[in-house]
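Okay, structure first, notes after.
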Amino acid sequence: MPELPEVETIKNELLPWVVGRSLTEATILDAKLLPDSCVEELEHELTGQMIESLERRGKYLVFHLSSDKSLVMHLRMTGRLLVNPKESDAHVRATFCFSNGIQLVLSDLRRLGVMWLVEDAQAVVGKLGPEPLSESFTPDDLAQRLSQHRIPIKAALIDQSIIAGIGNMYADEALFAARIHPLRKADALSVVEVQELYHCVRGVLSSAIARKGASVDTYVRPEGQLGRAQLDFRVAHRRGQSCPVCGAPIERTLVRNRGSYFCPNCQLL
DNA sequence: CTTGGGACCTGGCTGC
DNA sequence: TGCAGCCAGGTCCCAA
């Protein structure tokens, strides 16, 4: 599932294909993709537009167009962006043809992905919390934000308005690395614990970007290769397997209705 | 106001 | 073998 490292990888690998290129044709095959606009209007508005730049904000992709509008995309659980896919695909939801002859395909098995064409991308991404990997984001920022919430720390880490880009998998990995139980209250962590968590969040995300994302479930990179970050996972999706630190079996519990994997011995409540 | 839980969506897997 | 039900989870929406 695309979280920050996966979306960052998609952005990096898509960049050379689309930036500076013009859209010759846009085809939306699933109206559910557009919560706020109609298919024909959006197809028409996109045609002829040049992609001036492409950026990631949280888990969103933002295509800045020559019309000064922005196409903002969220892949949610199973959305994929593929360049010139060779294999046939029953879940294609949109296709984009570019002036350099390439075809960009949006495929989405569970149909939860969405996109918006907006005057100002802030209308979509404005409510997001800080980027965890930005230089301006400090341990004090994290401490200040966590201190305002009584919710489980796991729920706080995946709340996009508190901090942007972390999803279920990387929240579990960061909490394991920091030896913090997912159900601890966000505002009850010590200064030392928050500092440790800050470094673990950044470490886990940076390593995953270096590995080009985690290919669990449906994630593949735009040119079809798999990511390798899942090979580093120590607790995520490893219920029953041995904790790499102490050997105890990894457990799964629910936090806000999300499966949460942790070591009951290393991460005490 | 905050917090928590369900809905959305589909296909693979598990267990009876 | 068949099939019901669980599981995956990002975000929105509603209720307490």
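Residue numbering restarts at 1 for every chain, and letters A, B, ... go by the order of the sequence lines.
- Rounded to an integer number of Å, the gap from CG of Leu33(A) to P of dC9(B) is 14 Å.
- Going from atom CD1 of Ile151(A) over to atom P of dT3(B) covers 6 Å, rounded to whole Å.
- Nearest-nucleotide assignment on DNA chain B puts the 5′-proximal partner with His149(A), out of Arg76(A) and His149(A).
- When the C1' atom of dT2(B) is taken as reference, atom CD1 of Ile162(A) falls 11 Å away, rounded to whole Å.
- In summary, Asp232(A) and Arg211(A) engage in a salt bridge, as defined by a charged side-chain N under 4.0 Å from a carboxylate O.
- Phe176(A) has its ring centre no less than 6.0 Å from the ring centre of Tyr261(A).
- Note on Tyr219(A): nothing from the nucleic acid sits closer than 4.0 angstrom, heavy atoms only.
- Listed nucleotides: dT10(B), dT3(B), dC8(B). Nearest to the side chain of Arg256(A): dT3(B).
- The side chain of Tyr60(A) sits closest to dT11(C) out of dC9(B), dT10(B), dT11(C).
- With Asn168(A) as the partner, the side-chain hydrogen bond (donor to acceptor under 3.5 Å, both in side chains) test is satisfied by one option alone out of His237(A), Lys154(A), Arg258(A), Arg256(A): Lys154(A).
- Following rounding to the nearest Å, Leu157(A) (CG) and dT11(C) (P) show an atom-to-atom distance of 14 Å.
- Side-chain proximity of Gln160(A) to the nucleotides dC9(B), dT10(B), dT11(C) is greatest for dT11(C).
- Between Tyr60(A) and Trp116(A), the angle of the ring planes lies from 30° to 60°, which puts this pair in the tilted group.
- Atom CH2 in Trp116(A) sits about 10 Å away from atom C1' in dG10(C), given to the nearest Å.
- Taking only distance into account, the side chain of Arg258(A) meets the base of dG10(C) through a donor-acceptor pair shorter than 3.5 Å.
- Remark on DNA chain B: of its neighbouring residues Met77(A) and Asn257(A), the 5'-side contact belongs to Asn257(A), judged by nearest-heavy-atom nucleotide.
- Residue Arg111(A) contributes atom CZ, which lies 10 Å from atom P of dG11(B) at whole-angstrom precision.
- Taking the side chain of Asn168(A) as heavy atoms from C-beta on, and the options dG11(B), dG10(C), dG4(B), the nearest nucleotide is dG10(C).
- Ion pairing between a basic and an acidic side chain is recognised when a charged N comes within 4.0 Å of a carboxylate O; Glu131(A) and Arg57(A) show such pairing.
- Across all strands shown, Pro152(A) has heavy atoms under 4.0 Å from sugar-phosphate atoms exclusively, and none from any base.
- His74(A) has its NE2 atom 3 Å from the P atom of dT11(C), to the nearest Å.
- If you take CG of Asp108(A) and P of dG10(C), they are 14 Å apart, rounded to a whole angstrom.
- In terms of phosphate contacts, Lys59(A) brings a side-chain nitrogen or oxygen within less than 4.0 Å of OP1 or OP2 of dT11(C).
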